[in-house]
Amino acid sequence: MKFFIDTAEIEEIKQANLRGWVDGVTTNPTLIAKAGKPFFDVIKEICKEVPGKPVSAEVISLKADEMFSEGLELAKLSDNVVVKIPMCEDGMIAVKKLKAAGIRTNVTLVFSPVQALLAAKAGASMVSPFVGRLDDIGIEGMDMVSQVIQIYQNYDFDTEVLVASVRSPMHIQISAEMGADIATIPFKVMQQMTNHPLTDKGIKMFLDDWNKAQKK
Ligand code: E4P
């Protein structure tokens with residue numbers, strides 16, 4: 001299972017990379033705005049930090065032709081840019097054209113299995129089901145992930161399932177059990193995944209016993 005980090009903060013990418021947790025990066029306009037630097041500069045800096053690993057950069061336009069041109073510009077920034085396109089009819093036109101131009105895409109803001117099916121048919125390299133935002137409105141987000149995986153297996157699509165809008169370690173555990181290709185994870189959730197109270201208790205107990213033995 002591949003782990004992407006969902007951030008536009010270089011320091012978080014560096015820290016997660018040091019721990020071997022970064023197979024790619026996803027950004028979105030909200031994350032870029034938080035980083036407080038010009039869009040293209042942020043994407044170039046991230047791409048340099050993780051050479052050869054996919055970095056999703058999202059288009060802002062909503063018309064097919066504009067999304068396509070924006071995608072071409074983003075892809076020029078670095079060979080590891082994956083153009084992120086929102087799920088909509090124009091977006092699917094842009095995905096098909098970008099694929100024909102040899103550019104990888106990640107279809108984002110996917111909230112239903114049939115949207116994921118359409119994205120795969122358009123030729124998306126990755127599709128991002130947003131689980132946390134579905135959970136927020138009382139719909140089990142992980143059910144959609146399992147349905148998308150099933151549909152892609154039924155028809156042998158090679159579009160990768162990239163679980164997005166991750167809020168907790170449990171989203172990652174269930175994604176892994178279901179066999180999702182990728183999860184994009186905020187650094188905070190990666191850190192939460194390392195923790196277990198029995199691990200902390202065990203470390204403390206071992207150290208206490210060790211120190212007691214040294215004093216004897
Ligand atoms: C994915 O690529 C998105 O950037 C992200 O997962 C959105 O998550 P949110 O619902 O926490 O904003």
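Here the structure is a predicted model, which is why all the values come from computation and not from measurement. First listed ligand is number 1; within each ligand, the first listed atom is number 1.
- Among protein heavy atoms, the minimum distance from atom 11 (O) of ligand 1 is reached at Arg167 NH2, 3.4 Å.
- Residue Thr26 has at least one heavy-atom neighbour below 4.0 Å for each of these atoms of ligand 1: 2 (O).
- Nearest protein neighbour of atom 12 (O) of ligand 1, counting heavy atoms only, is Arg133 NH2, 2.8 Å.
- Side-chain atoms of His171 and Ile185, non-hydrogen and from C-beta on, never get closer than 4.5 Å to each other.
- By the 4.0 Å N-to-carboxylate-O rule, Glu45 lies too far from Lys48 to be salt-bridged with it.
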Leu77 and Phe40: CA distance, side-chain angles, deciding distance, side chain to side chain contact (heavy atoms under 4.5 Å, CB included) verdict: CA-CA 8 Å; Leu77 298 178; Phe40 279 19; 3.7 Å; yes
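- No side-chain donor from either of Thr26 and Ser56 sits under 3.5 Å from a side-chain acceptor of the other.
- Looking at atom 4 (O) of ligand 1, its nearest protein heavy atom turns out to be Asn28 ND2, 2.7 Å.
- For Glu160 against Ile182, the heavy-atom pair with the smallest separation is OE1-CD1, 3.8 Å.
- Of the polar atoms of Thr108, none of the N or O atoms is found under 3.5 Å from an N or O of ligand 1, judged by distance alone.
- With hydrogens and angles left out, the side-chain atoms of Gln191 and Asn195 include no donor and acceptor closer than 3.5 Å.
- The nearest heavy-atom contact from the protein to atom 1 (C) of ligand 1 is Lys84 NZ, 3.4 Å.
- Atom 7 (C) of ligand 1 has Phe130 CE2, 3.6 Å as its closest protein atom, hydrogens excluded (heavy atom only).
- For ligand 1 and Ala164, the ligand atoms under 4.0 Å from any heavy atom of the residue are 1 (C), 6 (O).
- Of the N or O atoms in Ser165, one or more lie within a sub-3.5 Å distance of an N or O in ligand 1.
- Looking at ligand 1, you won't find any N or O of Thr184 less than 3.5 Å from one of its N or O atoms.
- Around CE of Met1, the count of heavy atoms belonging to other residues, nucleotides or ligands within 6.0 Å exceeds 12.
- An N or O contact shorter than 3.5 Å links Asp6 to ligand 1 by distance.
- Backbone and side-chain nitrogen or oxygen atoms of Ser128 are examined, and none is located within less than 3.5 angstrom of a nitrogen or oxygen of ligand 1.
- Of all heavy-atom pairs spanning Glu9 and Lys34, the tightest one is OE2-O, 4.1 Å.
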